[in-house]
Asker: 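Got a structure here, written out as structure tokens. Questions coming.
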Amino acid sequence: MKRPAAALFLALLLSAGAPAFAALSPAEQKMGVTVDTEYDRTVALLEKLVNQNSGSMNIAGVTAVGDMIRPELEALGFKVEWKPMAAAKRAGHIVATHKGKAGTKRLLLIGHLDTVFEADSPFQTFVRKGDEAEGPGVGDDKGGMVVMLSALRAMQAAGALKDANIEIVLTGDEEDAGDPVSISRADLIAAGKRADAALDFEGLAVEDGKDMGSIARRSSNSWTLSATGKSGHSSRIFSEAAGDGAIYELARIITAFRKELPEPNLTFNVGLVGGGQSADVDKDGVRIAVTGKTNIIPPIAVAKGDFRTLSQEQTDRVQEKMIKIVAAHSPGTDAKISFEQGYPPMAPTEGNKALLAKLNGVNADLGLPEMPTLDPLKRGAGDIAFVAADVDGLVGLGVASRGDHAPGETADLNSIKRQAKRAAILMTRLSREKR
């Protein structure tokens, strides 16, 4: 009687000794075989998802991608809910739950349905190029979602999914979060409070050919600075009666930011500046319409920018520094600064480090190299940060890719296999731990 290919593969592995796989249980070995045998199915699903535009503002497109993901999760025994986000002017989120064995750890899996490429983008199509594929969102984050599904299918095939307590949140607006965040991230934050570990399926970071472990993401905060001054003829500039004018005051503050703010893990940027007789910022905060003349001291100047931090303590400290700099007015001027926190920080906590250590235990058992810790300056903000204050987490369980957020975004399809195997085994081991 001919033995099934998967069984023969396992028998050969075990009979050969295969030291790299010695610590894998038979169920974990079966997960690896399942990932490999279902690879073509996984890539076909990725192609289908990529060919459906789901720019954050394409409400119908994001909803359509959610409709494609729903049956995949339902087939795995998840209860799937669509959470509409009309109140935040976005499409909605998928929240899916799988009830397992009582008393074991609850896992939160995070990904997103949307991309940065809106419906009017010329970059719309999945193109396979051997072991790579190009397309909008092929890496960020449709590649991540298919890795997640591949890992869950592998767990199901090995009988490991039935006892796992897992909640999945796939947001529909990660690339452009709906406003207010109190609405658009309410479901994710609530899930984080229920979870014991969070795994983020955004892209795998690779440096010099080496897979990296991500245990931190920096925040994304925006600021708006306005300076005012006395207007008058330019011949009176710097006089006691006229003062320095608004633009010089704005320049003083920005220069002081550059000199006084730098510290480890902090970056800050001035993205938009305008000043003159008038300076009107549009409702989206991306344009400043200005008027003025060279011989008139400008009474108004405005600048907008961002800053990124590694912890909430750093965020608070940097804001205090900026406020003090702004308060030191030049003669005849005034200035005000306001802040808006977009994505909070995900600090590199001891709990996050312990999760990476467990992932590296999986790597050792798979015969894969250890994943060093990625410098957080090399990773942008993301949704896992909204739960980072409540639960330990790891980032980067999706595909390896390059050129994200730009035409030509390209995924390494081979990375699907090792990432899905890592995720399946890690989730299985975590899900069996006591709470």
Side-chain angles (χ1 to χ4, degrees), residues 31 34-35 37-52 54 60-85 90-101 104-115 137-138 140-174 187-188 190-192 194-202 383-384 387 397-399 416 419-428 430-431:
M31 291 177 206
T34 301
V35 168
T37 56
E38 293 204 348
Y39 173 70
D40 289 339
R41 172 185 175 181
T42 300
V43 174
L45 177 60
L46 178 59
E47 180 174 6
K48 179 181 176 182
L49 295 173
V50 170
N51 282 333
Q52 170 58 62
S54 60
V62 173
T63 304
V65 170
D67 289 341
M68 295 175 188
I69 295 293
R70 175 188 283 273
E72 300 286 337
L73 291 171
E74 289 176 336
L76 293 166
F78 282 81
K79 177 186 176 183
V80 182
E81 295 180 83
W82 176 256
K83 300 284 189 173
M85 284 290 131
R90 297 295 185 271
H93 313 318
I94 277 183
V95 177
T97 52
H98 184 282
K99 289 187 177 181
K101 188 175 181 180
T104 56
K105 283 192 173 178
R106 300 173 182 174
L107 308 185
L108 170 60
L109 313 185
I110 301 171
H112 61 92
L113 307 165
D114 65 317
T115 77
V138 70
D140 185 17
D141 186 38
K142 293 174 179 179
M145 289 193 295
V146 300
V147 168
M148 182 191 296
L149 290 167
S150 176
L152 292 169
R153 289 199 305 270
M155 291 175 68
Q156 184 186 56
L161 183 59
K162 60 182 174 60
D163 290 333
N165 289 296
I166 298 175
E167 185 166 7
I168 298 172
V169 178
L170 303 176
T171 57
D173 60 345
E174 195 271 350
D187 294 301
L188 177 61
R194 291 189 288 268
D196 299 299
L199 304 177
D200 186 325
F201 282 78
E202 286 203 293
D383 272 344
I384 194 172
V387 304
L397 290 163
V399 297
I416 291 174
Q419 286 290 84
K421 292 172 189 177
R422 282 170 171 152
I425 296 171
L426 178 64
M427 288 191 290
T428 298
L430 289 174
S431 69

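Note that this is a predicted model, so its numbers are computed, not measured. Excluded from the calculations below are hydrogen atoms, water molecules and symmetry mates; all remaining heavy atoms, backbone and side chain alike, are included.
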Asker: Is there a side-chain contact between K79 and L73 (heavy atoms, below 4.5 Å)?
Answerer: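 The answer is no; the side chains never approach within 4.5 Å.
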Asker: Can you name the nearest heavy-atom pair linking A423 to A151, along with the distance?
Answerer: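 Scanning both residues, the minimum pair turns out to be CB-CB, 3.8 Å.
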Asker: Taking all heavy atoms of S431 and all of T104, pick out the closest pair and write down the distance.
Answerer: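 For S431 versus T104, the nearest heavy atoms are O-CB, 3.1 Å.
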Asker: When rounded to the nearest 0.5 angstrom, what is the spacing between CD1 in I110 and CG in L170?
Answerer: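 If we round to the nearest 0.5 Å, I110:CD1 and L170:CG are 10.0 Å apart.
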Asker: Do D114 and S54 have side-chain atoms, one donor and one acceptor, less than 3.5 Å apart?
Answerer: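 Short answer, no.
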Asker: If I take atom CD1 from residue I416 and atom CG from residue L46, how far apart are they, to the nearest 0.5 angstrom?
Answerer: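 The CG atom of L46 is 5.5 Å from CD1 of I416, to the nearest 0.5 Å.
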Asker: Looking at every heavy atom in both G137 and V50, which two are closest together, and how far apart are they?
Answerer: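 Shortest heavy-atom separation between G137 and V50 comes out as C-CG2, 4.4 Å.
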Asker: Would you find a donor on one side and an acceptor on the other, under 3.5 Å apart, between the side chain of D196 and the backbone of R106?
Answerer: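 Checking the backbone N and O of R106 against the side chain of D196, a donor-acceptor pair under 3.5 Å is found.
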Asker: Does T42 reach the side chain of L149, with side-chain heavy atoms less than 4.5 Å apart?
Answerer: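 Answer no - side chains too far apart.
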Asker: I'd like to know if E72 and R70 make a salt bridge, using a cut-off of under 4.0 Å between side-chain N and carboxylate O.
Answerer: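 No salt bridge links E72 with R70.
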Asker: Going through the checks in order, is the side-chain contact (heavy atoms from CB on, under 4.5 Å) test met by V147 and L397?
Answerer: CA-CA 8 Å; V147 168; L397 290 163; 5.6 Å; no
Asker: Checking R422 against Q419: is there a side-chain donor and acceptor pair closer than 3.5 Å?
Answerer: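 The answer is yes; a qualifying pair exists.
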Asker: Please answer whether the main-chain N or O of K101 pairs with a side-chain N or O of D163 as donor and acceptor at a distance below 3.5 Å.
Answerer: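 No.
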Asker: Ignoring hydrogens, what is the shortest heavy-atom contact between V399 and G143? Give both atom names and the distance.
Answerer: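 Heavy-atom minimum between the residues: CG1-O, 3.7 Å.
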Asker: Given V95 and W82, is the side-chain contact (heavy atoms from CB on, under 4.5 Å) satisfied, shown in steps?
Answerer: CA-CA 6 Å; V95 177; W82 176 256; over 6 Å; no
Asker: Look only at the side chain of S150 and the backbone of V146, and say whether a donor-acceptor pair between them is shorter than 3.5 Å.
Answerer: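 No; judged by distance alone, with no hydrogens or angles, the pair does not exist.
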Asker: Would you call M145 and V65 a side-chain contact if the rule is heavy atoms closer than 4.5 Å?
Answerer: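 They are in side-chain contact.
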Asker: Show the numbers, then the answer: is there a side-chain contact (heavy atoms from CB on, under 4.5 Å) between I168 and L152?
Answerer: CA-CA 11 Å; I168 298 172; L152 292 169; 3.8 Å; yes
Asker: Could you measure the distance from the CG atom of L45 to the CD1 atom of I69? Nearest 0.5 Å is fine.
Answerer: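 Here the interatomic distance stands at 5.5 Å.
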Asker: Going from CD on E167 to CG on L188, what distance comes out if it is rounded to the nearest 0.5 angstrom?
Answerer: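 E167 atom CD to L188 atom CG measures 9.0 Å (nearest 0.5 Å).
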Asker: Working to the nearest 0.5 angstrom, can you tell me the gap between D383 CG and T171 OG1?
Answerer: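 Reported to 0.5 Å precision, the distance equals 4.0 Å.
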Asker: Specify the closest pair of heavy atoms between G61 and Q52, including all atoms of both residues, with the distance to one decimal.
Answerer: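 Distance-wise, the nearest heavy atoms are CA-NE2, 3.4 Å.
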Asker: I would like to know whether V35 and M31 meet side-chain contact (heavy atoms from CB on, under 4.5 Å); could you show each step before the answer?
Answerer: CA-CA 6 Å; V35 168; M31 291 177 206; 5.6 Å; no
Asker: Could you tell me whether the side chain of T34 reaches within less than 4.5 Å of the side chain of Q156, counting heavy atoms only?
Answerer: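 No; the side chains remain at least 4.5 Å from each other.
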Asker: Indicate yes or no: at least one non-hydrogen side-chain atom of D173 is less than 4.5 angstrom from one of M85.
Answerer: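 With C-beta onward as the side chain, the pair stays apart.
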Asker: Can a donor-acceptor pair be found, under 3.5 Å and without considering hydrogens, that links the side chain of H98 to the backbone of A164?
Answerer: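 Yes; judged by distance alone, with no hydrogens or angles, the pair exists.
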Asker: Is there a side-chain contact between K105 and N165, using heavy atoms and a 4.5 Å cut-off?
Answerer: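 Sidechains of N165 and K105: no contact.
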Asker: Just verifying a value: how many Å separate I94 CD1 and F78 CZ, rounded to the nearest 0.5 Å?
Answerer: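 One gets 11.5 Å once the value is rounded to the nearest 0.5 Å.
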Asker: When you measure from the side chain of D141 to the backbone N and O of H112, does any donor-acceptor pair fall under 3.5 Å?
Answerer: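 Answer holds: yes.
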Asker: Minimum heavy-atom separation for A198 to V387, with atom names?
Answerer: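 Looking at all heavy atoms of both residues, the shortest contact is CB-CG2, 4.2 Å.
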Asker: Any donor and acceptor pair, going by atom type alone, linking the side chain of H93 with main-chain N or O of G172 inside 3.5 Å?
Answerer: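 Yes.
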Asker: State, yes or no, whether a side-chain contact exists between L109 and I166 at a heavy-atom distance under 4.5 Å.
Answerer: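 SC-SC contact between L109 and I166 confirmed.
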